[in-house]
Amino acid sequence: MAIPQERFYTEEDYEKLPENIHAELIDGKIYDQAAPSRRHQDILMELAGTIRDYIKAKGGKCKVYPAPFFVKLFEDGETHGITIVEPDISVICDRDKLTKRGCEGAPDWIIEIVSPGNASHDYIRKLALYEDAGVREYWIVNQEKKIILVYHLGQENFEVSHYTFGDNIKAGIFEDLSINFKELDLT
């Protein structure tokens, strides 16, 4: 009797997915992503707009991309297999990482907005991936609990700070950007 073999997907398999399917390819496994809620999209648009407006006002070179946006974190390697994610918000300051398809390499700042069905995906799996890839800052926004975990890449590992939707949060990758969650339109 043959032992069932686990299938490992390739970048070519990922590229063949229908356009209306949102999924991520992590270490050779496909993870489907459910359609986001209206509240999820409200948070995404408020944050992405605030960040984009800040960058434009400062004449900055960074670019902000909301999901769906292709980010290839890893090629096939010893630690990670091919890994393509679609973060809710990606901020890329090194424009050499931008390609026709999206971004190749770690964005400087990623924000994920937790959906009820994918909490462990953002809190565990993606946290480890983003740390290994060298993402400088990673925010996890939990819309149900109204909390934000902010991870800054230290010498080797992420260092975490905890905030609520009532706080003004300093973005670590920019000198003077703070996002006041009380002032965002999150109804």
Side-chain angles (χ1 to χ4, degrees), residues 22 24 33 35-73 83-115 118-119 121-123 125-154 158-187:
H22 293 288
E24 296 180 314
Q33 301 211 326
S37 68
R38 181 194 59 82
R39 182 158 169 75
H40 179 284
Q41 293 302 90
D42 283 342
I43 295 168
L44 181 144
M45 293 304 295
E46 287 291 316
L47 290 173
T50 299
I51 297 164
R52 185 207 60 229
D53 291 349
Y54 167 84
I55 293 168
K56 282 187 170 222
K58 295 291 185 176
K61 64 180 175 113
C62 301
K63 298 287 285 180
V64 181
Y65 295 97
F69 182 70
F70 174 98
V71 175
K72 185 195 289 186
L73 286 178
T83 299
I84 299 168
V85 293
E86 291 185 359
D88 287 317
I89 299 172
S90 300
V91 179
I92 296 106
C93 298
D94 179 355
R95 291 195 178 195
D96 289 338
K97 291 181 179 180
L98 296 174
T99 67
K100 289 181 182 179
R101 295 178 61 202
C103 175
E104 294 203 9
D108 295 274
W109 183 9
I110 289 177
I111 299 174
E112 296 284 9
I113 302 159
V114 175
S115 296
N118 76 348
H121 194 61
D122 293 331
Y123 283 110
R125 186 174 294 116
K126 284 187 167 182
L127 175 65
L129 287 172
Y130 296 159
E131 183 176 52
D132 288 350
V135 173
R136 292 171 42 205
E137 187 163 354
Y138 174 39
W139 289 20
I140 301 175
V141 179
N142 187 315
Q143 58 186 317
E144 288 187 0
K145 295 182 180 178
K146 297 185 177 181
I147 60 170
I148 303 99
L149 298 178
V150 175
Y151 294 87
H152 294 281
L153 191 58
F158 275 139
E159 298 166 2
V160 65
S161 300
H162 302 259
Y163 299 94
T164 71
F165 276 30
D167 291 326
N168 190 25
I169 304 172
K170 167 90 175 67
I173 71 163
F174 296 115
E175 189 174 308
D176 59 352
L177 171 62
S178 291
I179 298 177
N180 189 337
F181 271 71
K182 287 188 290 188
E183 294 177 358
L184 299 178
D185 183 12
L186 302 178
T187 57

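Computed over heavy atoms, backbone and side chain alike; hydrogens, waters and symmetry mates excluded. Because the structure is predicted, anything quoted here is derived from the model rather than measured.
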When you measure from the side chain of E46 to the backbone of L184, do you find a donor-acceptor pair of N or O atoms at a distance under 3.5 Å?
no
Quick one: pull up CG in D108 and SG in C62 and give me the separation to the nearest 0.5 Å.
6.0 Å
So does S115 get a backbone contact from the side chain of H40, meaning a donor-acceptor N/O pair under 3.5 Å?
no
Plane angle bin for Y138 and F158 - parallel if under 30°, tilted between 30 and 60°, otherwise perpendicular
tilted
Between R95 and K61 (side chain of the first, backbone of the second, donor and acceptor by atom type, cut-off under 3.5 Å), is there such a pair?
yes
K145, NZ atom: more than 12 neighbouring heavy atoms under 6.0 Å
no
Can you check whether R39 reaches L186 side chain to side chain, under 4.5 Å on heavy atoms?
yes
S178 and N168: which non-hydrogen atoms are nearest, and at how many Å?
CB-OD1, 3.5 Å
Roughly how far, to the nearest 0.5 Å, is CD1 of I110 from OG of S90?
5.0 Å
Is any side-chain heavy atom of T83 closer than 4.5 Å to one of L129?
yes
Distance check, rounded to the nearest 0.5 Å: K56 atom NZ versus I51 atom CD1?
14.5 Å
I would like to know whether C103 and F70 meet side-chain contact (heavy atoms from CB on, under 4.5 Å); could you show each step before the answer?
CA-CA 6 Å; C103 175; F70 174 98; over 6 Å; no
Sub-3.5 Å donor-acceptor pair from the side chain of K58 to the main-chain atoms of L177, do we have one?
no
Identify the heavy atoms of A106 and A133 that sit nearest to each other, and give their distance.
CB-O, 3.3 Å
Can you name the closest pair of heavy atoms from Y130 and P87 and give their distance?
OH-CG, 3.7 Å
Any side-chain heavy atom of V91 sitting closer than 4.5 Å to one from Y65?
no
Within a strict 4.5 Å, meaning less than it, do heavy atoms of the W139 and W109 side chains meet?
yes
To the nearest 0.5 angstrom, please state how far the CD1 atom of I173 sits from the CG atom of L153.
12.5 Å
Would you say the side chain of Y123 lies within less than 4.5 Å of the side chain of V114, judging by non-hydrogen atoms?
yes
Is a side-chain N or O of E24 found less than 3.5 angstrom from the main chain of I84, in a donor-acceptor match?
no
In a check of side-chain contact (heavy atoms from CB on, under 4.5 Å) between E112 and each of D122, V141, N142, which one passes?
D122
For a quick test of reading the model, state the closest non-hydrogen atom pair linking G105 to V71 and the distance between them.
O-CG1, 3.7 Å
Any donor and acceptor pair, going by atom type alone, linking the side chain of D167 with main-chain N or O of I169 inside 3.5 Å?
no
With the side chain counted from C-beta on, respond yes when E137 and V150 share a heavy-atom pair under 4.5 Å apart, and no when they do not.
yes
Show your reasoning for whether side-chain contact (heavy atoms from CB on, under 4.5 Å) applies to H121 and K126.
CA-CA 6 Å; H121 194 61; K126 284 187 167 182; 3.6 Å; yes
Taking the side chain as every heavy atom from C-beta outward, state whether I55 and V64 have any atom pair closer than 4.5 Å.
yes
Tell me if a side-chain donor or acceptor on E159 pairs with a main-chain N or O of G154 at a distance below 3.5 Å.
no
In sequence, state the C-alpha distance, the side-chain angles, and the governing distance for K63 and L98, and then conclude on side-chain contact (heavy atoms from CB on, under 4.5 Å).
CA-CA 9 Å; K63 298 287 285 180; L98 296 174; 4.1 Å; yes
K170 side chain vs F174 backbone, donor-acceptor pair below 3.5 Å:
yes
Using the side-chain contact (heavy atoms from CB on, under 4.5 Å) definition, which of the options I43, D88, L47 pairs with I111?
L47
pair E104-K97: side-chain heavy atoms closer than 4.5 Å:
no
Atom NZ of K182 and atom CZ of F165: how far apart are they, to the nearest 0.5 Å?
14.0 Å
Heavy-atom pair of closest approach, residues L44 and A67:
CD1-N, 4.4 Å
